[in-house]
Amino acid sequence: MLHIEIDGKQVSVEQGATVIEAAHKLGTYIPHFCYHKKLSIAANCRMCLVEVEKAPKPLPACATPVTDGMVVHTHSPKAKQAQAGVMEFLLINHPLDCPICDQGGECQLQDLSMGYGMGHSRYREAKRAVAGKDMGPLVSAAEMSRCIHCTRCVRFTEEIAGVQEIGMANRGEFSEIMPFIGKAVETELSGNVIDLCPVGALTSKPFRYDARSWELSRRKTVSGHDALGSNLIVQTKEHTVRRVLPLENEAINECWIADRDRFAYEGLYHASRLKTPKIKHDGQWHDVDWQTALDYVKKTLDCIRKEDGADSIGIWANAANTVEELYLTQKLAQGLGIKHIATRLQQQDERLAASLQGAPWLGQSIEALSGLDALLVVGANLRKEQPLLTARLRRAAKGFTRVSVIASSREALHMPLLAQEAIHPDHWAARLQALAADTAHAVSGSLKNGEKAAILLGAEVQNHPDYAAVYAAAQQLADATGAVLGILPQAANSVGAAVLGADIGDSIQTMQARPKKAVLLMNVEPEIDVADGGAAVAALKQAHSVMAFTAYESDTLLDVCDVLLPIAPFTETSGSFVNMEGRLQSFRGVVKGLGDSRPLWKVLRVLGNVFELAGFDFDSSEQVLKAALDPAGLPEKLNNRSSWQGEAAAASRRLVRVGGTGIYHSDAIVRRSAPLQATDHAAVPAARVHPLTLAASGLIHGDSARISHQGHSVSVTVAADDTLPENVVYLPLHTANAAAGGLMNSVELGGA
């Protein structure tokens, strides 16, 4: 340890620490702009100049390593003069537009100028002006004259997002921060540059001129868009969500959030938001009050139970629902004798579920991933499924973690990889078995020789028709190498649903093959949330009654349902999620419900009372959570061990659709966020196919074609891609192609 004195206070730090890190440990603030604890040292703003005894001139605290016995003065006359001089230079060309700047009230330059700036300027020449830039639909760079060239945004895109999309052009007074010519900033983490910008040069385009920072109320919550469980600060005004920012939690999301978490709030107030209960009568929809709607539900379910039995009723529940909502769904089903609940809406192989010894999860903490020696990821579209977790893996890969990937396509992960194999999904099980038998192979050897190693299974494995066999092969490889086996859950509360044992009776595939007389949809948009959207809608059309508990109305729901009950999204309700590492996180609603929408747990509680069932006298979500599970016993319920002993299906050459779900089509709120839907990530994708597979179908690059599955088809444009394996159609699920079938389904490809 090294010993340093800062402003008369002693502190010990590790070798290699800088003066600003030592000061932070001591609780001493040193003004700065370019320094950020998660980014490399640039030392180009010079605001952190301090006096170091025996040094001939002030030194930048961010770039000066600590030496044993160093004595530093951060507020001496010499240091303050240097800091004031830097501030004067920064303000020389800065425009005087604080009254209209979105950064006003939370601007580092504004704050520090009060402490280190002069009351007047000695500069009388014309100020430098810089033209605004187009960085896409999410980040506004219209006021680049405010930029102080701290280069935080440049370093973020290169070091955290993985590919440099922003750079500094020219030199001296002609220097400008800009995206690459003709390109927008397309990383799925782009919004973080807004938080990083210490001035008002980069701001949120959707939030631009919407509200001032001091007008906003701040509330803590947890993201409901993926299984990471990012901690958020939601800023509200007039009972509406106006902005979403990261709440720092080093164990989960560090100080970042994905664009999906940041900008999805724009979908909360979409025109399709359901505000009042609706009942269909004689083919026409009518607004009704809650009592009428609940009486209709009771009368309908009682009639179907009496005529066809409770076995003819099924519940499709989204695994993104809270623990409390899923628990009360179970409790209502039990009280009514309903024996079929499905939450694994995307999974096609249910054989594995009965063999698991507990709830499938990540297998370790999120933080532990950063310390792995070796990692093998199988069947994942990492940047689409887990954009923020991918950033953590990227940093680990740039360190000492050897990362290998086996998937259906070669994803641009922007990180160093030991190996990346794109093979047909039906060959995954055999490939993993071969690696288990040959531990001298580079991939399996990296797992075996590392002290800490892991195998992670992504969404495409979990949704594989032969999931049990691929899982068993991965477990065999984990046993042979000593690696930890884990999964990347698909929804915000997938682990919570498994812990509760929410799935009972018939699987979603069985309920599609043998349609129920009545179906309750719990926050489900069947055409895209269910593995085979076309078959799901067809099954619902055969039901006598479909009752949707939903935050939004859609063409599909209006077609297949006879009652719509407006429920609140996660921002308008209290509840709990269990994230991928098994961490229980509870939250409260940040705004009141829109219109007559109600939290689903409250709707289910009242419905239980309408049916006069016992045990529905809860007054708060906390009471429901206490009844649902014991947080202390949660770790004991997490176990990825499987006893499945079956054989893998024979490797085939069937044509399958892969690509998962589009990053901005993953849930109902995201699908309706206008800024996210304006990005390139949300554009209707082309169907990428190997040239030989195209030729076998009589197609060439750029042709219009049809992709079909079990009688349902959509029009696509095909693009040749020789990096894909043969007999694979890479087509991420999008609202425009939902009828193309679920993941890993056999499809047909032909001319339009």
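The structure presented is a predicted model; accordingly, all values stated were derived computationally and were not measured.
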For W256, which residues count as a ring-ring contact (aromatic ring centres under 6.0 Å, His included) partner, sequence neighbours excluded? H36, F156
Looking only at atom types and distance, does a side-chain atom of E460 sit under 3.5 Å from a main-chain N or O of G659, one as donor and one as acceptor? yes
So does T151 get a backbone contact from the side chain of R155, meaning a donor-acceptor N/O pair under 3.5 Å? yes
List the residues meeting side chain to side chain donor-acceptor pair (under 3.5 Å) with D703, not counting sequence neighbours, and say none if there are none. none
Could you tell me whether a side-chain N or O of E572 sits under 3.5 Å from a main-chain N or O of L594, the two making a donor and an acceptor? yes
Is there a donor-acceptor pair closer than 3.5 Å between any side-chain N or O of N318 and the backbone N or O of V524? no
Pairwise distance CD1(I257) to CG(L245) - rounded to 0.5 angstrom: 6.5 Å
Below 4.0 angstrom, N of the basic side chain to O of the carboxylate: do D195 and R262 qualify? yes
Side chains of R672 and S272: any donor to acceptor distance under 3.5 Å? yes
Is it true that E254 and K37 make a salt bridge, defined as a side-chain N closer than 4.0 Å to a carboxylate O? no
Any Lys/Arg nitrogen of E527 or R671 sitting under 4.0 Å from an Asp/Glu carboxylate oxygen of the other? no
Say whether S554 and E525, considering side chains only, have a donor N or O and an acceptor N or O under 3.5 Å apart. no
Among all residues two or more places apart in sequence or in another chain, which pass the ring-ring contact (aromatic ring centres under 6.0 Å, His included) test with Y730? none
Quick one: do the D349 and H464 side chains pair a donor with an acceptor below 3.5 Å? no
Distance, nearest 0.5 Å, that separates OH of Y664 from CD1 of I669: 15.0 Å
Whether R260 side chain and K384 backbone form a donor-acceptor pair below 3.5 Å: yes
So does R392 pair up with E581, basic N to acidic O under 4.0 Å? no
Between the CD atom in E158 and the CD atom in Q164, the distance rounded to the nearest 0.5 Å is 4.5 Å
Going by the salt bridge (charged side-chain N to carboxylate O under 4.0 Å, His left out) test, which pairs reach into residues 410-419, not counting sequence neighbours? none
Do D532 and H709 get their side chains close enough for a donor-acceptor pair, meaning under 3.5 Å? yes
Quick check: does any side chain N or O of N231 sit under 3.5 Å from a backbone N or O of L247, one acting as donor and the other as acceptor? no
Distance in Å, Q346 CD paired with S494 OG, rounded so as to fall on 0.5 Å steps: 10.5 Å
Less than 4.5 Å apart, any side-chain heavy atom of R395 and any of S370? yes
I'd like to know if the side chain of E325 reaches the main chain of T322, judged simply by a donor and an acceptor atom lying under 3.5 Å from each other, with no hydrogens or angles considered. yes
So CZ of F549 and CG of N523: to nearest 0.5 Å the spacing works out to 11.5 Å
Check E266 against S673 and note the closest heavy-atom contact, atom names and distance. CB-OG, 3.6 Å
Show me the pairs that pass side chain to side chain donor-acceptor pair (under 3.5 Å) and involve residues 674-686, at least two apart or across chains. H665-Q677
Is it the case that R402 and S404 place a side-chain donor and acceptor less than 3.5 Å from each other? no
Atom CG in L417, atom CG in L375: separation rounded to 0.5 Å? 10.0 Å
Just to verify, what does F587 make a ring-ring contact (aromatic ring centres under 6.0 Å, His included) with, not counting sequence neighbours? F577
